[in-house]
Trainee: 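Please find one structure pasted underneath; my questions will follow.
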Amino acid sequence: MRKKDNILLKTPFMTVVLNLLVIYISFMLCRVVFIWYNWNVFDGNLDKDVILKMLPGALKFDTAGIMYLTVPYMLLTMLPFHFKENRTYYTIVKVILIILISAGIAANLIDTVYFPFTGCRSTLNVLAEFKNESGGQMRSIVMNAVMENWYLVLLFIVMVWVLCITIRIPVAVQYKRLSVYYIVKTGLLLVCVFASVVGIRGGISTSIRPITMSNAYQYADRPADAAAVLNTPFCVIRTAGRVKIEVPRYFSEEELEKIYSPVIMPDSTAVFTPKNVVIFILESFGGEYVGFMNKGLEGTHDCTPFLDSLMSHSLTFEYSFANGRKSIDASPSVLSGIPMLKDNFVLTTTMMSKEVSGLAEELDRKGYYSAYFHGADNQSMGFQSYSRAIGYKDYFGMDEFDADPRFGGHSMFDGVWAIWDEEFLQFMCAKINTFKEPFVSTVFTATSHHPFNIPDRYKDIYPEEPNLDMYRCIRYSDNALRLFFEKASKEPWFNNTLFVLTADHTNQSEHPAYQAEYGKFRIPIIFYDPSGDIAGHRDAIAQQSDILPTIMGYLGYDKPFISFGQNLFATPDEDTWAANYQNGMYMFYKGDWMIKFDGEQQAGLYAFRKDAALKENLKGTRPDVEEEMIKELKALIQQYLEHMTTKELVIPE
């Protein structure tokens, strides 16, 4: 009987079952490593109750991810062809399975390291962020990551080795009659197909739609918990080929226009003032590092003495947010008023196939010259192509910097990403001195980024800090900003210039107030006019997509344009709002409240001004507030998706 049992365990169907068990254990181990590596993000909230809530979701999403990866293996193993019943065939099938699962494990481990920079599991659109990097630069980035996380590389090697010795090869089962073989094999194949479909869909009921990333919030209350429930292979495969977007029809077009319109109308009494505009998009300058934004909040590190001093003479906002968590989300949000409110849109072929306007193109109508600066390879991140698409006349990148011998040329390359911020901002200032006024200029800085290097000459001035590697990078870049303003303030164009400073997104975090969605999107948004006309600190909400309409309002621009933001100068504090999107969930801020909405159902209500960690879900306690905010958010989503798909993003002249 024991011998018969052993043979049964070696049949193709049972080896599929046992091999799937090994794969489940591998994925769960990846999840444990993910949580361990990012433990500070969970802020000690992974108690027994939270884990028990997450576990069913983790198994459901692992099932979907594993089924996606193993469908070829199951089909090749269970196909009812008797001529394949030999060891050579099954050995080849085993190799295919190990390659597929190894890719899945690698994706999970890579995302473990990448997660602190995005706050969410990676989807296929993460490739769009790096597709324009040169081969040499990508090799440098990868090698740095490998060296820093060698223990994860070792873990990957061990896990693949364990797969090689534990994945089973079936033995051929002899049937006296081929007809019996084909009947049994066909039946077992159908069982595998059925199990795969159910696993990928996330359930057996016909009322269940295929699970998506947003379903993770059924088992989690916070983005970090949702990311732990998910796995990267599922997220990548689930978002592959998602070009067509379904636009929700919450309202009729007539109702929609009454609730919200992205068309920004000019002030009929405005008089245009041709001030220069200089915009800084500061890499990773999250609010946690900015002392001015954390007055009275103990436990934060003030890394920005210069920015703090500038903010005391500028217009700032108590609650200011990024619209996205990736660098490629920032330029469209800031320069076109188009936030990332859906995966696979901004700076991708979906959006780039449409005519898109922006600050440079609008100001070109007023005779402005325009230039975009970024110290990386000229093809990096797609910034050059995007700046061209929205009307920037010139682009200054690494090529142009290297060609100018005054600032050290390519010897100022940081070895991984770009030219050091100090030298590149000095180069930018020198270039601006040659521009004819009025002009609009934008720079996207680069040094304050993984792998957290700074020039050797500054390593004693800004030594490594035990808390976060990011701190000294921010200190260095803040000083580079100081040196730029020190030089620029002596130039004749300076006093006729509006400076706007913001960050692309947040980055590493250690303070509990910055662990939830509120903190993970909180960045500075600063309007500085050397004349002092607009200095002050408002108890208002601001977001990156407000920057374009606010600049236009300040200049007195007299033409309508499209922007999914607001002119902060023309909006009372109590009416200001912000929206962002992560892991399939929308977050919408207005007044004292923030709501979460997955596109179909409200998931939460939070008093974010009092509860920065978003620990208390007040859903259902303020139906008046919730109903109004959901209505406004739905209108924003519908208008956004309609304009990103069928409607125009520009207003014809």
Side-chain angles (χ1 to χ4, degrees), residues 132-138 140-141 276-283 306 327 330-331 335 359-360 363-364 368-388 390-449 453-458 461 473 476-494 496-497 499-501 504:
N132 292 309
E133 305 301 330
S134 64
Q137 190 164 354
M138 282 306 301
S140 177
I141 294 167
N276 307 313
V277 179
V278 176
I279 299 173
F280 289 81
I281 302 176
L282 304 171
E283 173 66 51
F306 172 73
S327 293
S331 283
L335 303 176
L359 182 63
L363 291 182
D364 178 64
Y368 276 63
Y369 167 77
S370 55
Y372 193 108
F373 291 81
H374 182 55
D377 182 283
N378 283 39
Q379 303 302 314
S380 177
M381 311 294 279
F383 291 161
Q384 184 175 35
S385 60
Y386 186 76
S387 67
R388 299 287 193 211
I390 62 172
Y392 279 84
K393 290 184 170 62
D394 285 314
Y395 185 91
F396 296 94
M398 187 186 294
D399 291 350
E400 289 72 24
F401 179 88
D402 289 351
D404 190 331
R406 292 176 293 173
F407 304 97
H410 202 68
S411 65
M412 294 298 110
F413 177 54
D414 66 12
V416 179
W417 286 107
I419 303 300
W420 297 115
D421 281 354
E422 179 180 330
E423 283 74 20
F424 193 75
L425 290 179
Q426 293 295 302
F427 165 75
M428 173 188 170
C429 189
K431 281 295 179 183
I432 290 178
N433 290 340
T434 68
F435 295 168
K436 180 182 177 182
E437 299 184 59
F439 59 80
V440 55
S441 179
T442 298
V443 61
F444 202 126
T445 66
T447 301
S448 43
H449 195 290
N453 291 328
I454 62 174
D456 288 341
R457 67 183 185 276
Y458 279 105
I461 299 174
C473 288
Y476 163 80
S477 293
D478 179 70
N479 185 63
L481 200 61
R482 178 186 66 82
L483 294 173
F484 171 89
F485 274 86
E486 184 178 280
K487 180 176 181 179
S489 63
K490 301 172 184 177
E491 303 300 336
W493 52 267
F494 183 81
N496 188 42
T497 302
F499 294 91
V500 183
L501 300 94
D504 58 343

Trainee: Give a yes or no on whether the backbone of A488 and the side-chain of E491 come within a donor-acceptor separation of less than 3.5 Å.
Mentor: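 Judged by distance alone, no pair lies under 3.5 Å.
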Trainee: Pairs in or reaching into residues 412-423: which pass salt bridge (Lys or Arg N to Asp or Glu O under 4.0 Å), with residues at least two apart or in two chains?
Mentor: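 Salt bridge (Lys or Arg N to Asp or Glu O under 4.0 Å) check on residues 412-423 returns E422-R457, E423-R457.
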Trainee: Identify, with sequence neighbours excluded, every residue that meets side-chain hydrogen bond (donor to acceptor under 3.5 Å, both in side chains) alongside D478.
Mentor: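 Checked D478 against side-chain hydrogen bond (donor to acceptor under 3.5 Å, both in side chains); zero matches.
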Trainee: Taking only residues two or more places apart in sequence, or in another chain, which ones meet E283 in a salt bridge (charged side-chain N to carboxylate O under 4.0 Å, His left out)?
Mentor: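 Listed in chain order: nothing, the list is empty.
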Trainee: Could I get the full list of side-chain hydrogen bond (donor to acceptor under 3.5 Å, both in side chains) partners for N276, not counting sequence neighbours?
Mentor: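 side-chain hydrogen bond (donor to acceptor under 3.5 Å, both in side chains) check on N276 returns E437, T497.
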Trainee: D364: which residues meet the salt bridge (charged side-chain N to carboxylate O under 4.0 Å, His left out) condition with it, sequence neighbours left out?
Mentor: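 D364: salt bridge (charged side-chain N to carboxylate O under 4.0 Å, His left out) contacts with K393.
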Trainee: For T445, enumerate each residue passing the side-chain hydrogen bond (donor to acceptor under 3.5 Å, both in side chains) test, keeping only those at least two apart in sequence or located in another chain.
Mentor: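 Listed in chain order: nothing, the list is empty.
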Trainee: Among all residues two or more places apart in sequence or in another chain, which pass the ring pair (Phe, Tyr, Trp, His ring centres under 6.0 Å) test with Y372?
Mentor: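 Only Y392, Y395 meet the ring pair (Phe, Tyr, Trp, His ring centres under 6.0 Å) criterion with Y372.
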Trainee: Can you list the residues that meet the side-chain hydrogen bond (donor to acceptor under 3.5 Å, both in side chains) rule with R406, with sequence neighbours excluded?
Mentor: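 Scan of R406 (side-chain hydrogen bond (donor to acceptor under 3.5 Å, both in side chains), adjacent residues dropped) gives D404.
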Trainee: Drop me the distance from L282's CG to L481's CG, to the nearest 0.5 angstrom.
Mentor: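 One finds 6.0 Å between CG of L282 and CG of L481.
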Trainee: Can you list everything that forms a salt bridge (charged side-chain N to carboxylate O under 4.0 Å, His left out) with K487? Sequence neighbours excluded, please.
Mentor: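 In terms of salt bridge (charged side-chain N to carboxylate O under 4.0 Å, His left out), with neighbours along the sequence ignored, K487 is linked to no residue.
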Trainee: List for me each residue that meets ring pair (Phe, Tyr, Trp, His ring centres under 6.0 Å) alongside F485, sequence neighbours excluded, and say none if there are none.
Mentor: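 Result, ring pair (Phe, Tyr, Trp, His ring centres under 6.0 Å) vs F485: F280, F306, F499.
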Trainee: Could I get the full list of ring pair (Phe, Tyr, Trp, His ring centres under 6.0 Å) partners for F396, not counting sequence neighbours?
Mentor: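 In terms of ring pair (Phe, Tyr, Trp, His ring centres under 6.0 Å), with neighbours along the sequence ignored, F396 is linked to F373.
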Trainee: Taking atom CH2 of W420 and atom CD1 of I454, what is their separation to the nearest 0.5 Å?
Mentor: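 The distance works out to 7.5 Å.
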Trainee: By salt bridge (charged side-chain N to carboxylate O under 4.0 Å, His left out), which residues pair with E486, not counting sequence neighbours?
Mentor: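 Salt bridge (charged side-chain N to carboxylate O under 4.0 Å, His left out) list for E486, sorted by chain: R482.
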Trainee: When rounded to the nearest 0.5 angstrom, what is the spacing between CZ in F427 and CD in E400?
Mentor: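 These two atoms lie 6.5 Å from each other.
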Trainee: Give the ring-plane orientation class for F439 versus F435, where under 30° counts as parallel, over 60° as perpendicular and anything between as tilted.
Mentor: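 Taking F435 first and then F439, their aromatic rings stand perpendicular (interplane angle over 60°).
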